[in-house]
K.L.:
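Structure below; questions to follow.
Reckoned from all heavy atoms, side chains included, excluding hydrogens, waters and symmetry mates. Count residues from 1 along the sequence.
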Amino acid sequence: MNEPATAIEAAVAASPLHQLKDELDIVIPTIRNLDFLEMWRPFLQPYHLIIVQDGDPSKTIKVPNGFDYELYNRNDIKRILGPKASCISFKDSACRCFGYMVSKKKYIFTIDDDCFVAKDPSGKAINALEQHIKNLLSPSTPFFFNTLYDPFAEGADFVRGYPFSLREGVSTAVSHGLWLNIPDYDAPTQLVKPLERNTRFVDAVLTIPKGTLFPMCGMNLAFDRQLIGPAMYFGLMGEGQPIGRYDDMWAGWCIKVICDHLGLGVKTGLPYIYHSKASNPFVNLRKEYKGIYWQEDIIPFFQQVVLPKDCTTVQKCYIELAKQVKEKLGKIDPYFDKLADAMVTWIQAWDGLNPTSASFSNGKTG
């Protein structure tokens with residue numbers, strides 16, 4: 001039996017995490033009307049939305065009544081960033097990172113418009129945002145693996161043999177959620193397993209160990225913008241670029257290397273969303289095929305990256321990473337020279353909109 005919306009809303013309002021509504025923005029990239037927000041209303045309506053409209057800026061995007069939002073299209077991005085708008089992808093969901101840049105909140109939750117509210121095995125609607133907040137507000141344990149997964153979760157703790165000197169943990173910068181129904185597969189796997197659906201609900205959150213990379217998916221993701229925001233750049237993808245569908249993974253490799261260097265944590269697992277729609281595998285293959293080839297060099301590059309000790313801020317780390325991308329990956333294809341330049345432009349644009357004590361607000365307000 002489905003829970004009445006009023007009961008869900010009452011539970012959400014009673015949650016102590018509800019107080020973060022003034023500290024968190026929800027970023028949504030889209031090319032269509034946001035009717036999907038109706039099902040999320042009990043969980044997301046109290047929060048401010050930043051909608052990044054991709055594609056034709058003359059198209060009107062309809063947002064359900066009652067949501068507080070800003071909407072930015074390509075014209076807004078060019079007006080706000082000027083020549084630096086070149087670092088923001090066009091005709092690709094990577095455009096979402098513009099929303100990270102213009103936000104002024106401490107936390108970001110980003111979700112795709114084909115992601116619906118999932119249900120746990122008991123049939124209860126999952127408040128994905130609440131779980132992300134729990135993940136971000138509790139420490140991570142990247143230096144030693146706990147076999148009971150997240151020791152800070154209810155009903156869990158550190159197991160026998162876990163060093164007491166490491167039990168305090170470190171600040172969590174990123175919470176990476178998962179998906180029921182349509183898995184986040186690459187095009188070759190989609191073609192081989194066209195009917196495969198993920199029905200497994202695993203009630204676990206893991207800290208990804210230091211030194212371990214992971215394929216980050218941007219459709220159900222939250223992060224501490226103050227801790228890692230400047231590194232959450234989704235690269236150059238989409239129109240005019242030789243690659244697509246690697247935007248979130250590129251950001252994931254970058255943030256993981258930087259989090260490891262700065263002593264920050266990344267969690268994966270809960271919460272789940274319901275991924276409603278499979279994208280076309282043939283279109284995906286056209287976007288991915290160079291990435292599938294290039295990643296065999298990209299991943300070893302990130303595995304071997306060493307950031308100097310004087311890289312003490314996210315910005316310094318990211319500029320150094322851009323330098324190494326140009327030096328080492330630029331040999332693979334000229335695209336990586338262009339990407340490295342865009343990484344530097346991104347940091348310049350970020351710092352321009354995010355001086356230490358200034359507020360910025362622009363775009364359309366709903």
K.L.:
Return the minimal non-hydrogen interatomic distance between Val325 and Ala340, and the atom names on each side.
P.N.:
CG1-CB, 4.1 Å

K.L.:
Any non-hydrogen side-chain atom of Met237 less than 4.5 Å from a side-chain atom of Ile243?
P.N.:
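Of all side-chain heavy-atom pairs linking Ile243 with Met237, at least one is under 4.5 Å.
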
K.L.:
Is the OH atom of Tyr149 crowded by more than 12 outside heavy atoms at less than 6.0 Å?
P.N.:
no

K.L.:
Say whether, by atom type as modelled, one donor and one acceptor occur between the side chain of Asp247 and the main chain of Ala94 under 3.5 angstrom.
P.N.:
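Judged by distance alone, yes, a pair lies under 3.5 Å.
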
K.L.:
Evaluate the criterion side-chain contact (heavy atoms from CB on, under 4.5 Å) for residue pair Leu270 and Phe201; output intermediate values, then yes/no.
P.N.:
CA-CA 9 Å; Leu270 300 178; Phe201 180 95; 3.8 Å; yes

K.L.:
Are any non-hydrogen side-chain atoms of Val205 and Thr268 less than 4.5 angstrom apart?
P.N.:
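No; the side chains remain at least 4.5 Å from each other.
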
K.L.:
For the residue pair Tyr274 and Phe116, does the interplanar ring angle fall in the parallel (under 30°), tilted (30 to 60°) or perpendicular (over 60°) class?
P.N.:
parallel

K.L.:
When you look at CG of Asn65, are more than 12 heavy atoms from neighbouring residues, nucleotides or ligands closer to it than 6.0 Å?
P.N.:
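No, not enclosed.
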
K.L.:
Can Glu196 and Tyr185 be counted as having a side-chain donor-acceptor contact under 3.5 angstrom?
P.N.:
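Indeed, the side chains of Glu196 and Tyr185 share at least one donor-acceptor pair under 3.5 Å.
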
K.L.:
Taking atom NZ of Lys106 as the centre, report whether more than 12 heavy atoms of other residues, nucleotides or ligands fall under 6.0 Å from it.
P.N.:
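Enclosed: over 12 neighbouring heavy atoms sit under 6.0 Å from NZ of Lys106.
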
K.L.:
Looking at Tyr69 versus His48, is the centre-to-centre ring distance below 6.0 Å?
P.N.:
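Ring centroids of Tyr69 and His48 are no less than 6.0 Å from each other.
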
K.L.:
Kindly indicate whether the side chain of Lys326, heavy atoms from C-beta on, has any atom under 4.5 Å from the side chain of Asp341.
P.N.:
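The answer is yes, as the side chains (C-beta and beyond) meet within the 4.5 Å cut-off.
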
K.L.:
Going through the distances and angles, do Gln324 and Val305 end up as a side-chain contact (heavy atoms from CB on, under 4.5 Å)?
P.N.:
CA-CA 8 Å; Gln324 295 191 33; Val305 160; 4.0 Å; yes

K.L.:
Any chance the rings of Phe223 and Tyr100 have centres within less than 6.0 Å?
P.N.:
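Yes, the ring of Phe223 comes within the 6.0 Å limit of the ring of Tyr100, centre to centre.
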
K.L.:
With a 3.5 Å cut-off and no angle check, do the side chains of Arg79 and Asn73 form a donor-acceptor pair?
P.N.:
no

K.L.:
I need the single residue from Arg96, Lys277, His275 that forms a side chain to side chain donor-acceptor pair (under 3.5 Å) with Asp112. Which is it?
P.N.:
Arg96

K.L.:
How about Leu236 and Phe336: do any of their side-chain heavy atoms sit closer than 4.5 Å?
P.N.:
no

K.L.:
Ring centroid separation for Tyr246 and Phe234, is it under 6.0 angstrom?
P.N.:
no

K.L.:
Looking only at the side chains, is there a donor atom on one of Asn127 and Gln131 sitting less than 3.5 Å from an acceptor on the other?
P.N.:
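Result is no, nothing qualifies.
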
K.L.:
Assess the residue pair Lys267 and Asp150 against the criterion (salt bridge (Lys or Arg N to Asp or Glu O under 4.0 Å)); give the C-alpha distance rounded to whole Å, side-chain angles, the decisive distance to 0.1 Å, and a yes or no.
P.N.:
CA-CA 9 Å; Lys267 294 181 179 180; Asp150 187 353; 3.5 Å; yes

K.L.:
Do the side chains of Phe109 and Asp25 get nearer than 4.5 Å, heavy atoms only?
P.N.:
no

K.L.:
Side chains of Pro230 and Trp350: closer than 4.5 Å at any heavy-atom pair?
P.N.:
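With C-beta onward as the side chain, the pair touches.
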
K.L.:
Report yes or no: does Arg167 contribute a side-chain atom to a donor-acceptor pair with the main-chain N or O of Tyr162 at less than 3.5 Å?
P.N.:
yes

K.L.:
Just so I know, are the side chains of Asp186 and Asn284 near enough to count as touching, which here means a heavy-atom distance under 4.5 Å?
P.N.:
no

K.L.:
Can you spot which of Phe164, Phe145, Phe152 makes a ring-ring contact (aromatic ring centres under 6.0 Å, His included) with Phe158?
P.N.:
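Between Phe158 and the candidates, ring-ring contact (aromatic ring centres under 6.0 Å, His included) is satisfied uniquely by Phe152.
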
K.L.:
Knowing that exactly one of Tyr233, Trp346, Phe302 qualifies, which makes a ring-ring contact (aromatic ring centres under 6.0 Å, His included) with Trp250?
P.N.:
Phe302

K.L.:
Can you get from Ile299 to Met216 by hopping between Ile, Leu, Val, Met, Phe, Trp and Tyr side chains that sit under 4.5 Å apart?
P.N.:
yes

K.L.:
Identify the two heavy atoms, one from His132 and one from Gly177, that lie closest to each other, and give their separation to 0.1 Å.
P.N.:
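Distance-wise, the nearest heavy atoms are CE1-N, 3.6 Å.
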
K.L.:
Establish, from distance only, whether the side-chain atoms of Gln295 and Tyr293 form a donor-acceptor pair under 3.5 Å.
P.N.:
no

K.L.:
Between Glu288 and Arg245, does at least one N-O distance fall below 4.0 Å, as a salt bridge requires?
P.N.:
yes

K.L.:
For Asp113 and Thr30, which I'm curious about, is there any donor-acceptor pair between the side chains at under 3.5 Å?
P.N.:
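Yes.
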
